[in-house]
Amino acid sequence: MTTTVLISGAGIAGPALAFWLRERGFVPTVVERAPALREGGSAVDFRGEQMTLLKRMGILEDIRAKETAMGSQVVVDTRGKKVAEMPSVFFSGEVEIERGDLTRILYDHTKNDVEYVFGDWITGLDELADGVDVTFAHGEKRRFDLVVGADGLHSGVRRLAFGEEERFRTDLGFHTAGFTAPNHLDLDHLGQICSVPGRTVMVASGRDRSVLNVSFVFASGPLEVHRRDIEAQKKVLVERYADFGWEAPALLEGLADVEVLYFDSLSQIHLDKWSQGRVVLLGDAAWCAGPGGSGTGLAMMGAYILAGELAAARGDHEVAFARYEEKLRGPVKVSQKQAAGIGTFLAPKTRFMVGYRNFLYRVLGSKPMTKVFTWITSRAANAATLENYDTPVTARGQLHLPGLKK
């Protein structure tokens with residue numbers, strides 16, 4: 001009976017899986033390369049069937065206490081003139097929360113029963129008949145029954161178990177960057193979007209009115225910039241947005257003092273199979289869709305299904321992994337299809353397409369179209385079925401199955 005599970009990644013998918021594995025009687029350990037939980041980050045939203053999952057986890061009220069409560073997103077031109085307005089439900093779903101706040105909630109709900117190891121990462125996987133010997137950058141070698149890569153688009157576990165990232169990554173032709181800055185625009189639960197051909201700036205301020213969340217999206221082929229070289233990334237942004245206008249000069253000036261910058265390509269991951277022996281992938285490591293694909297909610301649904309199938313299969317990982325993949329392949333396909341064109345929508349490449357996109361915003365933002373657009377944006381969220389894994393658990397979540405090690 002499989003009992004010990006090493007999870008790489010303490011973002012959202014990893015702690016969500018740890019939550020459900022603990023509830024199903026397994027013994028999870030989470031290893032995270034960062035020295036502590038990552039704070040801040042972009043907002044993530046939930047809608048449809050995903051809301052049921054949050055209720056089942058008992059974290060919905062915690063999320064509501066930290067929700068952004070974002071209002072409308074206003075599209076402006078480079079003079080600051082309003083050209084369209086989108087209701088909050090389109091971008092923020094039924095509830096929206098900053099990524100760092102959600103990570104903290106998941107961590108707080110698991111930290112007493114789950115081992116977390118920060119400041120370390122997996123450097124080697126040696127699968128044996130009865131487990132996987134795992135080597136770490138700093139810690140001692142350990143053996144686990146299963147290993148889960150929940151470590152994002154640039155997954156180290158995927159590289160070790162499946163091969164180099166370039167074999168599975170499809171770039172969508174855009175890059176994105178995000179950081180926080182002082183709210184010099186005095187936005188109050190409001191967002192603004194400004195686009196010129198091939199480039200967009202998005203700003204918003206939600207729960208904390210002193211903070212402005214800034215996002216750049218721009219058309220670009222591959223960039224020779226290391227993903228941990230923040231100064232080189234800042235240089236790219238300054239070069240790309242130097243002549244943008246609107247609020248870009250002030251934002252770029254503040255960029256010099258930014259210490260935490262998210263910078264990456266918009267990319268998808270396509271794998272023929274999400275598992276290799278006793279190693280399995282979850283979330284962006286397995287199927288990264290990109291913005292607009294309801295990726296956070298789908299990753300949490302995947303965590304629920306993976307843990308549930310492992311319990312239903314009584315720890316038989318071959319059976320559980322196959323069922324997990326069978327149930328999620330369809331929803332992932334919907335998610336990736338929905339997100340495939342998001343870059344073109346966020347940063348249209350021609351003046352005509354910018355105008356056409358803004359026209360669509362005006363049409364879709366009208367009251368008669370609200371239900372239609374809400375249905376469109378909810379397709380990925382409702383693609384995965386939330387099954388009821390009716391396994392009885394004790395008050396501390398330990399599953400009573402014969403042969404299960406305590």
TODO: Under the salt bridge (Lys or Arg N to Asp or Glu O under 4.0 Å) rule, what do E326 and R323 come out as? Steps first, then yes or no, please.
DONE: CA-CA 5 Å; E326 178 184 359; R323 289 175 179 170; over 6 Å; no
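- Listed for the T110 side chain is a donor-acceptor partner under 3.5 Å among the backbone atoms of L106.
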Open item on the list: Quick one, E115 with R142, criterion salt bridge (Lys or Arg N to Asp or Glu O under 4.0 Å). Give me CA distance, side-chain angles, the key distance, then yes/no.
Closed with: CA-CA 13 Å; E115 177 189 9; R142 297 172 62 177; 3.0 Å; yes
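- Of the possible polar contacts, none joining the D171 side chain to the S267 backbone as a donor-acceptor pair under 3.5 Å is found.
- Residue pairs meeting the ring-ring contact (aromatic ring centres under 6.0 Å, His included) criterion with at least one member in residues 270-302, sequence neighbours excluded: W274-W287, W274-Y324.
- Residues I7 and P28 share a closest heavy-atom pair of CD1-CB, 4.1 Å.
- Atom CZ of R207 is surrounded by more than 12 heavy atoms from other residues, nucleotides or ligands within 6.0 Å.
- With hydrogens and angles disregarded, no donor-acceptor distance shorter than 3.5 Å links the side chain of R64 to the backbone of V95.
- Checked by atom type and distance alone, the side chain of Q336 never pairs as donor or acceptor with a backbone atom of Q268 at under 3.5 Å.
- Environment of NZ in K66: sparse, with no more than 12 heavy atoms of neighbouring residues, nucleotides or ligands closer than 6.0 Å.
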Task: Working for ring pair (Phe, Tyr, Trp, His ring centres under 6.0 Å), residues F359 and F352 - done: CA-CA 10 Å; F359 167 75; F352 171 80; over 10 Å; no
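- For N183 and S210, the side-chain atoms include no donor-acceptor pair closer than 3.5 Å.
- In this structure, T68 and A43 approach most closely via the heavy-atom pair CG2-CB, 4.3 Å.
- Side-chain N or O atoms of E32 include one that pairs as donor or acceptor with a backbone N or O of A34 at under 3.5 Å.
- No donor-acceptor distance shorter than 3.5 angstrom exists from the side chain of D151 to the backbone of G9, with no hydrogens or angles considered.
- How far CG of D45 is from CD of E67: 11.5 Å, rounded to the nearest 0.5 Å.
- Closest non-hydrogen pair, A84 versus N358, comes out as CB-O, 3.9 Å.
- Between V211 and S205, the shortest heavy-atom contact is O-OG, 2.8 Å.
- Between K141 and D126 no salt bridge is recorded (no basic side-chain N to carboxylate O distance below 4.0 Å).
- By the 4.0 Å N-to-carboxylate-O rule, E165 lies too far from R227 to be salt-bridged with it.
- More than 12 heavy-atom neighbours from other residues, nucleotides or ligands sit within 6.0 angstrom of CD on E166.
- The closest donor-acceptor contact from the side chain of K234 to the backbone of L255 lies under 3.5 Å.
- The CG atom of L282 sits 11.5 Å away from atom CD1 of I12, with the distance rounded to the nearest 0.5 Å.
- Between A313 and V319, the shortest heavy-atom contact is CB-CG1, 4.0 Å.
- Atom CD of residue E98 and atom OG1 of residue T103 lie 11.0 Å apart, to the nearest 0.5 angstrom.
- Side chains of D145 and V5 form no contact here, defined as non-hydrogen atoms less than 4.5 Å apart.
- For the pair R158 (side chain) and A285 (backbone), a donor-acceptor distance under 3.5 Å is present.
- Of the residues listed (K327, R314, R24), the one engaging E309 in a salt bridge (charged side-chain N to carboxylate O under 4.0 Å, His left out) is K327, and it is the only one.
- Here F321 pairs with H317 under the ring pair (Phe, Tyr, Trp, His ring centres under 6.0 Å) rule; sequence neighbours left out.
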Task: Residue pair R99, T296: steps toward the side-chain contact (heavy atoms from CB on, under 4.5 Å) verdict - done: CA-CA 9 Å; R99 184 175 297 274; T296 299; 3.7 Å; yes
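- For the pair T344/R357, no side-chain contact is recorded, criterion being any heavy-atom separation below 4.5 Å from C-beta on.
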- [ ] Before giving the answer on side-chain contact (heavy atoms from CB on, under 4.5 Å), spell out for I269 and L153 the whole-Å C-alpha distance, their side-chain angles and the decisive distance to 0.1 Å.
- [x] CA-CA 7 Å; I269 294 295; L153 170 63; 3.7 Å; yes
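- Counting only heavy atoms from C-beta outward, the side chains of F136 and L6 approach each other to under 4.5 Å.
- The side-chain heavy atoms of M202 and Q73, taken from C-beta on, include no pair separated by under 4.5 Å.
- A cation-pi arrangement is present between R22 and F19 under the rule of less than 6.0 angstrom and at most 45 degrees off the ring axis.
- For the ring-ring contact (aromatic ring centres under 6.0 Å, His included) condition, the pairs that include at least one residue of residues 220-251, sequence neighbours left out, are F216-Y241, Y241-F244.
- Looking at D229 and K235, no side-chain N of the basic residue comes within less than 4.0 Å of a carboxylate O on the acidic one, giving no salt bridge.
- Distance alone, capped at 3.5 Å, places no donor-acceptor pair between the D62 side chain and the I105 backbone.
- Considering only residues two or more places apart in sequence or on other chains, F162 meets the ring pair (Phe, Tyr, Trp, His ring centres under 6.0 Å) condition with none of them.
- Nearest heavy atoms, G58 versus H109: O-CE1, 3.9 Å.
- Ring pair Y107/F118 is perpendicular by interplanar angle, where above 60° counts as perpendicular and below 30° as parallel.
- Proximity of a side-chain donor or acceptor of Q276 to a complementary backbone N or O of L281 within less than 3.5 Å is not detected.
- Residues satisfying the side-chain hydrogen bond (donor to acceptor under 3.5 Å, both in side chains) criterion with D188, sequence neighbours excluded, are absent altogether.
- Every residue two or more places apart in sequence or in another chain that forms a side-chain hydrogen bond (donor to acceptor under 3.5 Å, both in side chains) with T200 is listed here: S195.
- The shortest side-chain heavy-atom distance between M57 and L53 falls under the 4.5 Å cut-off.
- In this structure, H175 and F218 have parallel ring planes: the angle between them is below the 30° cut-off, well short of the 60° mark.
- Taking CG of L310 as the reference point, atom OH of Y389 lies at 9.5 Å (rounded to 0.5 Å).
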Open item on the list: Does L190 form a side-chain contact (heavy atoms from CB on, under 4.5 Å) with L185? I'd like the steps, not just the answer.
Closed with: CA-CA 10 Å; L190 189 71; L185 296 174; over 6 Å; no
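- Going from atom CZ of R278 over to atom CD of E318 covers 8.5 Å, rounded to the nearest 0.5 Å.
- The CD atom of Q50 sits 9.0 Å away from the CE atom of M300 when rounded to the nearest 0.5 Å.
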